[in-house]
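Predicted, not measured: the structure shown is a model, and the values here were computed from it. We name chains A, B, ... by the order of the sequence lines, and we start the count at 1 in each one.
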Number of protein chains: 2
Amino acid sequence: MPVPKGSTIDPERTRAAILKAATPVLYERGLDGIGVAELCALIGVSKETLYRHFGTKDGLVEAMLRARSDRVSRWLAEAVAAAGDDPRAQLAAVFDTLGEWFEDPVFRGCAMVNAAAQHHDETVRAVTTRHLGRYIDLLTGIAERAGAADPPLLGRQLLMLVEGATVVAAHHGAAGTGEQARQAALALLSAATQSASGENPGASGENPGASRDNPGDDDSSGDDDSGDSGSDRGRSDSSGD
Amino acid sequence: MPVPKGSTIDPERTRAAILKAATPVLYERGLDGIGVAELCALIGVSKETLYRHFGTKDGLVEAMLRARSDRVSRWLAEAVAAAGDDPRAQLAAVFDTLGEWFEDPVFRGCAMVNAAAQHHDETVRAVTTRHLGRYIDLLTGIAERAGAADPPLLGRQLLMLVEGATVVAAHHGAAGTGEQARQAALALLSAATQSASGENPGASGENPGASRDNPGDDDSSGDDDSGDSGSDRGRSDSSGD
DNA sequence: CCGAGATCGTACCGATCGGTTCGATCTCTG
DNA sequence: CAGAGATCGAACCGATCGGTACGATCTCGG
């Protein structure tokens, strides 16, 4: 039955509904773990409608990733805003919020990072880089308000904790990961703030120097080093990358 | 020309050669980014030979991941062993070694984590979990030798830094990431050791409690929550969960 | 009230992919 | 030297997938 009797036709809402329904499926099954036909059946929409709104499957994927990045970033920013004025409390709120996410039974890691691991095209990578940039902005802001010696450096280190905790929670047990990451983040914040007044930045003599973010994409088109021409295949070098 | 004139036939070496040649290709192109036919053409082997040695493509992938995990783990362990007896120097060696890897133009993140993001089957996930466990063992050993208050906790937090730095280097610029992560790791180590003598473990009042590693797989078979029956599709809730 | 447009369901198409088979050719073992 | 086994190259197969086409049905704007 095309266009059910009492339904209202609203293309924009249809598009939003497709996005909303497809997001968890693509996240849990993987971008290539489900075909368009099955996806359409699951979310209750015809293939023609999906293609009319998104053009291609990659178009749907990109729109989904952008919407998810928006939503997650807003979610974290609201958690920070709700934590009051204390930068330490704001940082703790970030990891408490992440910890709740980790405990979700459908948690499978960061959707953007996962997507970049699946689709090597530049479009998805750009969304992922932008997503990490949003995290860095949030974390660097906390570092600045806390009076860190080098806010961009601390922001990037905190981003490592955020993404690292996500990976660890996804692949090595989620229990406690949020609290463990929060404790580490607060320890880093303490170290960066106590060395800010008096001593020179760079704590223990190092100068990591992350003055500004450098999202330089290290794309590679290099081919492998298979210098085997075809004569004898069995060489004795079995180690060494 | 099957079996070239002067070549030696040695199945085990052929298998090793396939593994060695396929590893960089599958890493750079992605597990699903290249078909068996093209892969065989690239590494110079016939499909029949590949299937005779590995049974299926997934068999090749699993063998490749296991070999890569072995190699990378050994690589890091040797870097630690070569850093002398000082735990701080050992920890610095870990991140210096990682930093070199990040700068490699073909660097694309952790192969095991990427593989787990691509193939959702339990086999690949198990290899990834085992891989992270090896990292934890290495890092927890350093934490113990350094006299950390809670070595398993610090080991897990350092793992977060390792994996987080890998993600950040892959998707937000590799320049400086190794040094930045090393500085953060040393700061965490300092905080964990200076609080070990005298105060109670758990620095700032938290009890993250990572007494032992808990690689409990949080697998999920739950279906999504698409409670849309099909009447009107356009709902107004656009900011759910 | 009528035409434009949105949607459905299904059928269809070409491409690709994982995997198999087969004959030919060469090496290794007994 | 003879048979077993390894390898190649190419053809082949069934399944799946992304994407298109089409007729039918319903809503909405003028």
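- A cation-pi geometry, defined here as NZ or CZ lying under 6.0 Å from the six-membered ring centre and within 45° of its normal, does not hold between A:R108 and A:Y27.
- Nearest nucleotide to the side chain of B:V45, out of C:dT25, D:dC8, D:dG19: D:dC8.
- A:R74 and A:E78 are not joined by a salt bridge, as no carboxylate oxygen comes within less than 4.0 angstrom of a charged side-chain nitrogen.
- In the set D:dC8, C:dA6, C:dG9, D:dC8 carries the atom at the smallest distance from any side-chain atom of B:S46.
- Separating the CG atom of B:L60 from the C1' atom of C:dG19 is a distance of 14 Å, rounded to the nearest angstrom.
- Atom-to-atom, CG of A:D10 to P of C:dG5 comes out at 16 Å; the value is rounded to the nearest Å.
- For A:R125 and A:T128, the side-chain atoms include no donor-acceptor pair closer than 3.5 Å.
- A salt bridge links B:R130 with B:D70: at least one charged nitrogen is closer than 4.0 Å to a carboxylate oxygen.
- For A:T49, the side-chain atoms get nearest to C:dT7 when compared with the rest of D:dA6, C:dT7, C:dG19.
- No hydrogens or angles were tested; on distance alone, nothing pairs the side chain of B:K57 with the base of C:dG19 as donor and acceptor under 3.5 Å.
- Ranked by how close their nearest DNA chain C nucleotide is to the 5' end, B:Y51 and B:E48 are led by B:Y51.
- OP1 or OP2 of C:dT7 has at least one side-chain nitrogen or oxygen of A:T14 nearer than 4.0 Å.
- Distance, B:L50 CG to C:dC17 P: 15 Å, rounded to whole Å.
- Judged by distance alone, the side chains of A:T23 and A:R71 never bring a donor and an acceptor atom under 3.5 Å apart.
- Under 3.5 Å, the side chain of A:K47 and the base of D:dG19 form at least one donor-acceptor pair of N or O atoms.
- Between the P atom of D:dC28 and the CD atom of A:E12 lies a distance of 15 Å, rounded to the nearest Å.
- You'll find that the side chain of A:T8 is closest to D:dC28, out of D:dT7, C:dT7, D:dC28.
- Closest contact between the side chain of A:I9 and the listed nucleotides D:dC26, D:dG18, C:dG19 involves D:dC26.
- Going from atom CD1 of B:I43 over to atom C1' of D:dT7 covers 13 Å, rounded to whole Å.
- In this model, the phosphate group of C:dT7 is approached by a side-chain N or O of A:R52 to a distance below 4.0 Å at OP1 or OP2.
- When rounded to the nearest whole Å, the span between CD of B:E38 and C1' of C:dG19 equals 17 Å.
- To the nearest angstrom, P of C:dT16 lies 16 Å from CG of A:D32.
- For the OP1/OP2 pair of C:dA6 and a distance below 4.0 Å, the side-chain nitrogens and oxygens of A:H53 include no atom meeting the criterion.
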